Amino acid sequence: MKNDVKIRNEMLSWYDAHARVLPWRSKPSERPDPYYVWLSEVMLQQTTVQAVVPYFEKFISIWPTVHDLASATQDDVLREWAGLGYYSRARNLYKCAQAIVSEHDGIFPNSVKTLKSLSGIGDYTSAAIASIAFDIPSVVIDGNVERVISRLHRIDAPLPDSKTIIREYAQNLFIGDNTDRPSCFAQSLMDLGATICTPKSPKCEICPISKYCVAFEHCDAQVYPKKRKKSKIPEKYGVAYIYVHDGKVGIEKRPEKGMLAGMVGFPTSEWNEDSVDNIDDDMSAYKIRHVFTHFALTLYPQIINQKTYNMIEFKEVDKIGLPTLFKKVWNMIESDL
DNA sequence: AATCCGTGGAA
DNA sequence: TTTCCAAGGAT
């Protein structure tokens, strides 16, 4: 356990010299904006800094404060979120903004417990906000921390079995004998995980804490954390109905539950594992394949020259916030209409 | 506890 | 081409 204090000190020194400059981060002398911290943390769930930066910039440009975001409509937020994926995050973001304004006087709560009661804020995000925005020592466990700790201790059990032991190690590291500069320390682990202790080719030669890393000692850091093998995802098929008339195309708002919930898109058939009737691969003019987390979809756009409800101008299509699946459809067929 | 929920980039 | 996966949360 004594190593935890040394690790913290090494990490803080390393962070002072190598911290990444990111749009949501404050300068060393300034207080972070809890709104920025929250927004960035939610956006970063299950994705990458590169994917998030333009979305973050756009959001704070349109909605500079949580009050502004709460005053928007859910459809506004979904439209701006389009392309980032996991759209329940956007709905929860909006719910959370409204709760903060209506139930917390527009002030972000500073306790893990209260933060966690808000929509879209779970174990990780509540601890991250408490640490990063308010400098409250918290146990911040994300994919980066899981990877770093798995390697430091060369944990043999695969994820998610190892989550319990990882949390024990993390407790000691985050709120053990030394809790100095919790905000910087939490962010230092994120940066280490993103730039040095990476999943595939960790740069152990330049790692500030390799001397404490059991996996480094055994020269096999890259095999940790071990993970259970994932089963293959099913292939599904469907038809997209592209109603075209007089320079306009038909769109619909999807149901509030299920895939791409609440997003706009082209009407489609159901998606199932049976290949599509009447549309042979060879006979169809178009085919879009899109891989989701739990299945891969092959969608056959079928152009229908007739009017339907809710037609919009072709040139408006790019502005309505189509999720990527339907952007792919539109990009493929637009020039042929 | 296990499943659902997106996307784009790297190797 | 295929596989893996990047700052998880809700149910």
Side-chain angles (χ1 to χ4, degrees), chain A residues 20 22-25 36-56 78 81-93 95-96 115-133 138-148 159-161 163-164 166 170 183 186-195 197-201 222-223 225-236 254-263 265 271 288-297 299 321-328:
Chain A
R20 290 176 294 173
L22 299 170
W24 44 86
R25 282 187 175 168
Y36 282 19
V37 175
W38 164 69
L39 180 58
S40 65
E41 289 299 340
V42 173
M43 285 184 166
L44 284 161
Q45 290 167 8
Q46 297 296 99
T47 187
T48 59
V49 166
Q50 182 183 339
V52 164
V53 167
Y55 284 89
F56 178 84
L78 287 176
W81 197 277
L84 241 196
Y86 286 137
Y87 298 100
S88 65
R89 292 184 297 163
R91 289 193 299 279
N92 286 145
L93 186 86
K95 275 185 214 162
C96 182
L115 285 164
K116 201 176 157 184
S117 72
L118 295 164
S119 298
I121 299 182
D123 288 330
Y124 163 72
T125 306
S126 57
I129 295 172
S131 294
I132 297 171
S138 312
V139 185
V140 186
I141 304 176
D142 69 337
N144 288 306
V145 173
E146 286 180 343
R147 188 167 57 254
V148 171
L159 285 169
D161 300 3
K163 279 182 179 291
T164 303
I166 287 173
S183 175
Q187 294 181 85
S188 75
L189 287 174
M190 309 294 164
D191 282 15
L192 189 81
T195 63
C197 197
T198 51
K200 292 179 182 174
S201 300
Q222 74 285 353
V223 309
K226 294 183 177 175
K227 296 186 179 179
R228 286 226 202 80
K229 290 194 175 178
K230 296 161 189 167
S231 51
K232 287 181 183 172
I233 60 177
E235 296 283 339
K236 295 191 179 185
R254 297 176 59 78
E256 289 298 324
K257 296 199 173 188
M259 290 298 301
L260 310 176
M263 304 300 288
W271 307 341
I288 283 94
R289 187 164 186 278
H290 189 72
V291 181
F292 295 107
T293 307
H294 290 285
F295 63 92
L297 176 67
L299 200 55
L322 289 179
T324 300
L325 168 65
F326 295 115
K327 273 184 196 159
K328 284 185 185 177

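The chains referred to below are lettered A, B, ... by the order of the sequence lines, with proteins before strands, and numbering in each begins at 1. What you see is a predicted model, and the numbers here were worked out from it, not measured in a lab.
- Using a 4.0 Å heavy-atom cutoff across all strands shown, A:R20 reaches at least one base atom of the nucleic acid.
- Proximity note for A:P323 (side chain, C-beta onward) versus C:dG8, B:dT7, C:dT3: the nearest is B:dT7.
- In terms of the ring-ring contact (aromatic ring centres under 6.0 Å, His included) criterion, residue partners of A:F56 (sequence neighbours excluded) are, by chain and number, A:W24, A:Y36.
- Here C:dC4 presents its C1' atom at 18 Å from NZ of A:K226, a figure rounded to the nearest Å.
- Take A:Y124 and apply the side-chain hydrogen bond (donor to acceptor under 3.5 Å, both in side chains) test, not counting sequence neighbours, and it matches A:E41.
- Closest contact between the side chain of A:L260 and the listed nucleotides C:dT3, C:dA6, B:dG6 involves B:dG6.
- Picking from C:dG8, B:dT7, B:dC5 the nucleotide with the shortest atom distance to the side chain of A:M259 gives B:dC5.
- Taken to the nearest 0.5 Å, the CG atom of A:L84 stands 5.5 Å off from the CZ atom of A:R89.
- Here C:dG8 presents its C1' atom at 12 Å from CD1 of A:I121, a figure rounded to the nearest Å.
- At a threshold of 4.0 angstrom between heavy atoms, the contacts of A:V49 include nucleobase atoms, whether or not backbone atoms are also involved.
- Note on A:L22: a base of the nucleic acid sits closer than 4.0 angstrom, heavy atoms only.
- If you check every strand for non-hydrogen atoms under 4.0 Å, A:S201 touches nothing.
- If you take CD1 of A:I141 and P of C:dG8, they are 12 Å apart, rounded to a whole angstrom.
- With DNA chain C read from its 5' end, the first of the two nearest nucleotides for A:K95 and A:K229 is the one closest to A:K229.
- Only the C1' atoms considered, C:dC5 is 13 Å distant from B:dG6, to the nearest whole Å.
- Contact between the side-chain N/O atoms of A:H290 and the OP1/OP2 oxygens of B:dG6 is not found at any separation under 4.0 Å.
- Evaluation of the salt bridge (Lys or Arg N to Asp or Glu O under 4.0 Å) rule for A:K328 yields no partner, not counting sequence neighbours.
- OP1 and OP2 of C:dG8 both lie 4.0 Å or more from every side-chain N or O belonging to A:Q45.
- Between the CZ atom of A:F326 and the P atom of B:dG6 there is a distance of 11 Å, given to the nearest Å.
- Residue contacts for A:M43: at a heavy-atom cut-off of 4.0 Å it reaches no nucleic acid atom on any strand shown.
- If you find the closest nucleotide of DNA chain B to A:K257 and to A:Q50, the one lying nearer the 5' end belongs to A:K257.
- Only the P atoms considered, C:dA6 is 22 Å distant from B:dC5, to the nearest whole Å.
- When each of B:dA11, B:dG6, C:dG8 is scored by its nearest atom to the side-chain atoms of A:K200, the top-ranked nucleotide is B:dA11.
- Here A:K227 pairs with nothing under the salt bridge (Lys or Arg N to Asp or Glu O under 4.0 Å) rule; sequence neighbours left out.
- Taking 4.0 angstrom as the limit, A:H294 places a side-chain polar atom (N or O) nearer than this to OP1 or OP2 of B:dC4.
- How far NZ of A:K236 is from CZ of A:R289: 13.5 Å, rounded to the nearest 0.5 Å.
- Of the inter-residue distances, the one linking A:L260 atom CG with A:S88 atom OG reads 11.5 Å to the nearest 0.5 angstrom.
- Note: CG (A:L159) to C1' (C:dA6) measures 14 Å, nearest angstrom.
- Taking the six-membered ring where the residue is Trp, the centroids of A:H294 and A:F292 are separated by 6.0 Å or more.
- Across all strands, A:W81 comes closer than 4.0 Å to no nucleic acid atom at all (heavy-atom distances).
- Near DNA chain B, meaning a heavy atom under 4.0 Å away, the residues from residues 83-93 of chain A are A:G83, A:L84, A:G85, A:Y86, A:Y87.
- Taking only side-chain nitrogens and oxygens, A:T324 comes nearer than 4.0 Å to OP1 or OP2 of B:dG8.
- Here A:V291 lies in heavy-atom contact (under 4.0 Å) with a base.
- Atom CE of A:M190 is separated from atom P of C:dA6 by 14 Å (rounded to the nearest Å).
- Atoms OH (A:Y124) and P (C:dG9) sit 8 Å apart, rounded to a whole Å.
- Note on A:S119: only backbone sugar-phosphate atoms sit closer than 4.0 angstrom, heavy atoms only; bases stay farther off.
- Within the 4.0 angstrom heavy-atom criterion, no nucleotide atom of any strand lies near A:P160.
- Across the protein-nucleic acid pair, A:L322 atom CG and B:dT7 atom C1' stand 15 Å apart, rounded to whole Å.
- Take A:D123 and apply the side-chain hydrogen bond (donor to acceptor under 3.5 Å, both in side chains) test, not counting sequence neighbours, and it matches A:K116.
- Dashed line: the shortest gap from a side-chain N or O of A:K230 to OP1 or OP2 of C:dC5 is under 4.0 Å.
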